[in-house]
2 protein chains.
Amino acid sequence: MKMMDKAEKCLDPQLWHACAGGLVQIPPLNSKVFYFPQGHAEHSNGPVCFMASPNIIPSFILCKLTAVNYMADRYTDEVFARITLVPLKADDFDLDDDWPKMAHQNHEKAAKSSFAKTLTQSDANNGGGFSVPRYCAETIFPGLDYSSKPPVQTIVAKDVHGESWKFRHIYRGTPRRHLLTTGWSNFVNQKKLMAGDSIVFMRAENGELCIGIRRAKLGGFGGGPEFGVGQGLKGFDDADGARKVVPESVAQAAALAAIGRQFEVVYYPRASAPEFVVSAYSLSHSMKVQWSSGMRFKMPFETEDSSRISWFMGTISLVQVADPIRWPDSPWRLLQVLHHTLNRTLENNAYQA
Amino acid sequence: MKMMDKAEKCLDPQLWHACAGGLVQIPPLNSKVFYFPQGHAEHSNGPVCFMASPNIIPSFILCKLTAVNYMADRYTDEVFARITLVPLKADDFDLDDDWPKMAHQNHEKAAKSSFAKTLTQSDANNGGGFSVPRYCAETIFPGLDYSSKPPVQTIVAKDVHGESWKFRHIYRGTPRRHLLTTGWSNFVNQKKLMAGDSIVFMRAENGELCIGIRRAKLGGFGGGPEFGVGQGLKGFDDADGARKVVPESVAQAAALAAIGRQFEVVYYPRASAPEFVVSAYSLSHSMKVQWSSGMRFKMPFETEDSSRISWFMGTISLVQVADPIRWPDSPWRLLQVLHHTLNRTLENNAYQA
DNA sequence: GACAGTTGTCGGCCTTTCCGACAATTGGC
DNA sequence: GCCAATTGTCGGAAAGGCCGACAACTGTC
């Protein structure tokens, strides 16, 4: 492993997944995936002009995923992935059927050893304390010696950049509860956290405690094409934001993909935009379903505190091609659905069901 | 420069010299030096048993200095050097007469761009402020904009491990003076500083500000053979202290030296023990002097705040061999002197005069 | 030895943050 | 729907740290 950091360091994939959330999965190395230029465009922070290249970009391109860099924004700690794809010939489409077994590894390990909490007003604003949910303290934090009075210890947690943060962890109050006191206020200020943001604690395989951040999504639930990626986070000048997915890089990726050459894409899992690099295995399975109006489905989503996965129940109201002129035959945004309880029109990708 | 840190990083030689103090000099690379096993033994933290090797260890051994690692204790920030020596045949003793020109480089640069202050009670104990001597603020710190009211800036200083510390630097009060406020208290606590310890500010050649520590010498002035190196610093469990110069490593070095093989020594410049690796050039010069009782000399020493060099005036009271049985013909501790003003017997090495 | 410049120490006060009390909320039965 | 467990919020209190006042000290003339 040579000096590979040109100011861009990778981070522990397990921590990356813990920060990305339970629903994000990156297909395994060397597996086959579909790349959707259309979805990539929705991921960008502006309208994409595909004109630079001959108007022959397909709506989806079969590729081999040859590399993944798990990374984090230098300023916001937001996680993202740099994915290298090599287009395959269409007749290479024999599925690697064994990937579901291996795909969920980091994923499940992250879920088991991590815990997320959305910051309350008291956590974020008040005099510098963080109320630690009992489950988190007991399963993620180092063991506390309850015999001392009061039980107290210093915990050290590494952020996505490998920087260490110290917190005083104390068990006190009536009724007793776990709190982070000294050090927490500093962390909140340095990371510019606000009520509504979440923090993730994870116990790494080497036993080290890690701490990650999930900024609150400003756009509320779901998002859609109307929300770009670079919507800007409060309190940050757009230093790194400028480096987020720009339309030019989408056009370039699509152009390279179309002529069969290796290309790179940057994927922000928490940007409320759908995945545009999709495992060929799962897509081919969902395409076998004959989606039709009136059909019911359920779709997983994260609860606010990321502690569980809940399910949306819905009914398909319309099966249509999103942009029949530009992208005929595209499975992208094929379904328009009616959500049962919120009675709100959502958009969804076929393969997510 | 390959990955050469087996958890042992070198530090900027200029900062090293600033921390070591104005009187410490390490002979230049590839110059000829004398190694004194006797002096090395005084540097160790316990009695040295030279018996393991045949009883033929000379009192001094001519060597070539082939490598120097400038280092700092991980816990106390104390600076020390790991010096590699290759014994030379006695007939190799032709002097490299050009070294005085080059020897003082780091030395003088460090002296010019650094400033040391001994911490007062107020600096160390009170509510977290450090009174910055005007000279230090004006010559070492980055320029302050005096037009704002009050003039204030954040300064960043790197310690010997390359870690950055932030301080608020403000110019206020009546009469006006420079102070470090926010950040200082944290630094004092982390570094376990006490009144009497000194801190060193240095402006590196690349413009960066550096901060080093000189722990107070617990043994008062001078020290001597009765003080070992590992005298223990208040507030530190002896984690690294155990790694200081142990008798075994002295015995090993002496044994290797005696049979003409390359060896390493560790030298703590602030351990109040005399240098035991001495430039052949300067030693040969001082040995040309016919030292005799009643002769007067002067000897440089550091003032408490390390801002200047002062001189001790003394009279030689006795010329004797320190241990005539074990080390006959040794120039080590040849002179016993009477100090004029303190009227206290000090010991000194011939070559230091 | 007086004076000017510098810097050590102190007490006041403002800010931060630590703390238990209490209440709101959640989940289990 | 009740009860127990958990955890959000609040105001009081303690600690930390910023401040100018003043005095002690140093070096100079």
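Chain letters run A, B, ... following the sequence lines, proteins first, then strands; residues in each count from 1. Just so it is clear, the model here is predicted, and its values are computed rather than measured.
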Are [X] and [N] close enough that a side-chain N or O sits under 4.0 Å from OP1 or OP2?
X        : N      : value
A/Lys117 : D/dT6  : no
A/Thr174 : C/dG20 : no
B/Thr181 : D/dG17 : no
A/Arg172 : C/dG20 : yes

Whole-Å distance separating the [atom1] atom of [X] from the [atom2] atom of [N]:
X        : N      : atom1 : atom2 : result
A/Trp184 : C/dT17 : CH2   : P     : 13 Å
A/Tyr171 : C/dG20 : OH    : P     : 12 Å
B/Arg134 : D/dC25 : CZ    : C1'   : 16 Å
B/Asn186 : D/dG17 : CG    : C1'   : 13 Å
A/Tyr135 : C/dG28 : OH    : P     : 14 Å
B/Gln121 : C/dT7  : CD    : C1'   : 15 Å
A/Asn189 : C/dT15 : CG    : P     : 16 Å
B/Ile170 : D/dG17 : CD1   : C1'   : 13 Å

Determine the sole option in A/Phe141, A/Phe201, A/Phe115 for which the ring-ring contact (aromatic ring centres under 6.0 Å, His included) test with A/Tyr135 is passed.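 Exactly one option meets the ring-ring contact (aromatic ring centres under 6.0 Å, His included) with A/Tyr135, and it is A/Phe115.
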
Report yes if the distance between the aromatic ring centroids of A/Phe80 and A/Tyr268 is under 6.0 Å, otherwise no.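 Close enough - the centres of the two rings lie under 6.0 Å apart.
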
Side chains of A/Pro142 and A/Gln153: closer than 4.5 Å at any heavy-atom pair? yes

Ion pair present between B/Asp77 and B/Lys191, side-chain N to carboxylate O less than 4.0 angstrom? yes

Do A/Arg168 and A/Thr181 have side-chain N/O donor and acceptor atoms under 3.5 Å apart?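 Looking only at side-chain atoms, A/Thr181 and A/Arg168 do form a donor-acceptor pair, the distance falling under 3.5 Å.
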
Set out, in order, the CA-CA distance, both residues' side-chain angles and the distance that settles side-chain contact (heavy atoms from CB on, under 4.5 Å) for B/Phe187 and B/Leu193, then state yes or no. CA-CA 8 Å; B/Phe187 182 78; B/Leu193 294 176; 3.6 Å; yes

Report yes or no: is the cationic atom of A/Lys192 (NZ for Lys, CZ for Arg) under 6.0 Å from the centre of the six-membered ring of A/Tyr75, at an angle within 45° of the ring normal? no

By salt bridge (Lys or Arg N to Asp or Glu O under 4.0 Å) - contacts of B/Arg134 (at least two apart):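 Salt bridge (Lys or Arg N to Asp or Glu O under 4.0 Å) list for B/Arg134, sorted by chain: B/Glu138.
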
[X] side-chain proximity, nearest of [options]:
X        : options               : value
B/Thr120 : D/dA23, C/dC19, C/dT9 : C/dT9
A/Pro175 : C/dG8, D/dT7, C/dC19  : D/dT7
A/Ser122 : D/dT6, C/dT17, D/dG8  : D/dG8

Would you state whether a donor and an acceptor, one from the side chain of B/Arg176 and one from the base of D/dG20, lie under 3.5 Å apart?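 Looking at the base of D/dG20, it does not pair with any donor or acceptor on the side chain of B/Arg176 (distance under 3.5 Å).
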
Would you kindly check whether a donor in the side chain of A/Arg177 faces an acceptor in the base of C/dG20, or vice versa, at under 3.5 angstrom? no

Over all strands shown, is B/Leu179 touching base, sugar-phosphate only, or nothing at heavy-atom distances under 4.0 angstrom? nothing

If you fit an axis to the five pairs at each end of the helix from C/dG1-D/dC29 to C/dC29-D/dG1, how big is the angle between those two axes, to 10 degrees? 20°

